[in-house]
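What follows is a single structure, written as structure tokens, with notes after it.
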Amino acid sequence: MVHTPRTVAGRPAWIPFLLVVMAAGFNAAFAADPLRVEAGKVVEVAFTSARDRVDPFHELTLDVVFTTPDGATLKVPAFWAGGKSWKVRYSSRTPGVHRFVSACNDSADAGLNGVAGSVEVVPYTGANPLLRHGAIRIADDRRHFAYADGAPFFWLGDTWWMGLTDRLAWPDDFQALAADRAKKGFNVVQIVAGLYPDMPAFDARGRNEAGFPWEPEYACINPAYFDAADRRIAALVDDGFVPCVVGAWGYHLPWLGEENMKRHWRNLVARWGAYPVVWCAAGETTMPFYLAKDRAGDEARQKTGWTEVIAYLRSVDPFHRLITCHPARTARASLTDPAVLDFDMHQSGHGTPPEKHAALAAEGWNTQPTMPVITGESRYEALEIKPMLTAADARKAFWAHMIASGCAGGTYGANGIWQVNGKTKPYGNSPAGNNWGTTPWDVAMKLPGSAQVAAAKKLVESIPDWNHFQPHPEQAAWADPASKAPAPLCVSAPNGSRLVYLISQGAVALSGLPADKPLQVRWFDPVEGTTAPPVALTVSAEGRSTVAPPPGDHDWALVVGPKE
């Protein structure tokens, strides 16, 4: 998407999704001539402090209160942009004039406190689904995702943990990977905001072109790091991706402490909350650092501390973006109060067979509180891990977890991409001495598993009422009761649509079918991503039928629905 640049107060105003203006000294002009921004896009207003300060990041707190045309108020945190500069970012889907006034804890600072203005939100005219439909939310059934306007959203994520580092060069490498994933149908990118996994603090692999996100000893954030990260987050949204922003890997909490981690998260909310993002509070939330001595103590502290941080995150985010955390096993088990989450993310195991992925997903479906369940990390497709994890391993794990958890979605990953291996600059060893291989990211990008899970998404979205699927394992079984293969997995919707996944080859017995309605079935090949022509399904008076997949010694999916 290309925007026409213009300049406000001597600065370029448009970068993707972002209108930038200078606030201080322009109050009267703002009142007479509101800033104009399209619905869903982000407007940025800059403020300049009237005083020099030793430590503005810790000394000052700046919020900007926006009042919408219908009278609602949003207290939006501003972020320190370096020196005397502070900025606030705002977006809304509500048309009309939105008025704002700034509020600083130093009420005598005329550059930061009491600065007023307005923003006029006008209709969006483009094709980006995140702007046409709005940021994603939890669907009304509490089991699936939806856009703000209620349109269904199937989560298909890709794992770019270190994608904000300079290991994935901006703009060419970053945009090449994004273009590949967009073409295949991915719509979420899971990416870490500077405090990374698989490395110690201030490891050179965690830099971007502007350095580290925090100064040594965690004395202060580095605004330049986040300025560079801004370009990548805005570019993802511009390409239609939901950035799933992982604030930090869990073991960074004991290093920063709870108060600095809250400051870190306030900065992220101020920077990116106006975009249609999702918050993932922490990666492997309760996992201690690889070489930690008091592992039990760190794990307990992280479980309690991250629950507190997430509650704080929820309190400072005026846009109410969805919140989860990436777990060692399940998000709900990673916290002392799972009610602070909007949805449950699982790590279902790289070496775990697909039927165990399904079992964990079923456990998630049946656990309270009710919320969507997705896998945020399962079997990374990899050329070099021993045993090698093939496209079939990644695909089957994705399918098994997706079906058993009601088809809210899932996340794919490939070794080489998550840690961003370069052709001449492999990632190297983790602190524990593991090495996950040297496959370059642009080779890993072309591994077949990414296209195969994307084909699964397209199939699910083609099924009427898919966004009301619920697991019904009792409706499908092997026709041969003596079979030792993992049981078929089945979801059904209220309109009668049904999706059955067979981890291995074999005839399947269906039950609970309507005997008085003509039905048809179509077989889907998860390897090739192709669907056979539909055929009529013969159903007994008891609502039973038996069908067998086409030849091919691999997994299959079966779609059952009304005869067209």
Plane angle bin for [Y] and [X] - parallel if under 30°, tilted between 30 and 60°, otherwise perpendicular:
X	Y	value
W214	F57	perpendicular
F47	F100	perpendicular
F202	Y218	tilted

Tell me the closest heavy-atom pair linking [X] and [Y], and the distance in Å.
X	Y	value
V188	C244	CG1-CB, 3.9 Å
P197	Y290	C-OH, 4.0 Å
S378	A397	OG-CB, 4.1 Å
G83	W80	O-NE1, 3.0 Å

R53/H58 under side chain to side chain contact (heavy atoms under 4.5 Å, CB included): CA gap, chis, key distance, verdict: CA-CA 10 Å; R53 299 175 189 273; H58 288 95; over 6 Å; no
Drop me the distance from [X]'s [atom1] to [Y]'s [atom2], to the nearest 0.5 angstrom.
X	Y	atom1	atom2	value
S430	M199	OG	CE	10.5 Å
S315	R266	OG	CZ	9.5 Å
M287	E299	CE	CD	10.5 Å
N415	E381	CG	CD	10.0 Å
I233	R271	CD1	CZ	11.0 Å

Residue pair W170, N208: steps toward the side chain to side chain donor-acceptor pair (under 3.5 Å) verdict: CA-CA 10 Å; W170 173 265; N208 69 12; over 6 Å; no
All salt bridge (Lys or Arg N to Asp or Glu O under 4.0 Å) counterparts of D298, not counting sequence neighbours: none
Heavy-atom donor-acceptor pair, R295 side chain to F289 backbone, under 3.5 Å: yes
Backbone of D158 reached by a side-chain donor or acceptor of R181 within 3.5 Å: no
For the residue pair [X] and [Y], confirm or rule out a side-chain donor-acceptor distance under 3.5 Å.
X	Y	result
D198	W436	yes
T159	E377	no
Q368	T370	yes

Please say which of [options] ends up in a ring pair (Phe, Tyr, Trp, His ring centres under 6.0 Å) with [X].
X	options	answer
W265	Y312, W279, W272, W306	W279
W249	W161, Y196, W255	W161
W155	F398, Y147, F343, Y412	F343

Intermediate values then yes/no, side chain to side chain contact (heavy atoms under 4.5 Å, CB included), F226 and L268: CA-CA 9 Å; F226 293 100; L268 297 182; 3.7 Å; yes
Within 45° cone and under 6.0 Å: R205 NZ/CZ vs Y427 ring: yes
By side chain to side chain contact (heavy atoms under 4.5 Å, CB included) - contacts of R137 (at least two apart): D140, A146
Residues forming a side chain to side chain contact (heavy atoms under 4.5 Å, CB included) with D172, sequence neighbours excluded: none
Derivation of the side chain to side chain contact (heavy atoms under 4.5 Å, CB included) call for L236 and F174: CA-CA 9 Å; L236 288 174; F174 192 94; 3.8 Å; yes
Intermediate values then yes/no, side chain to side chain donor-acceptor pair (under 3.5 Å), T307 and D337: CA-CA 7 Å; T307 306; D337 180 11; over 6 Å; no
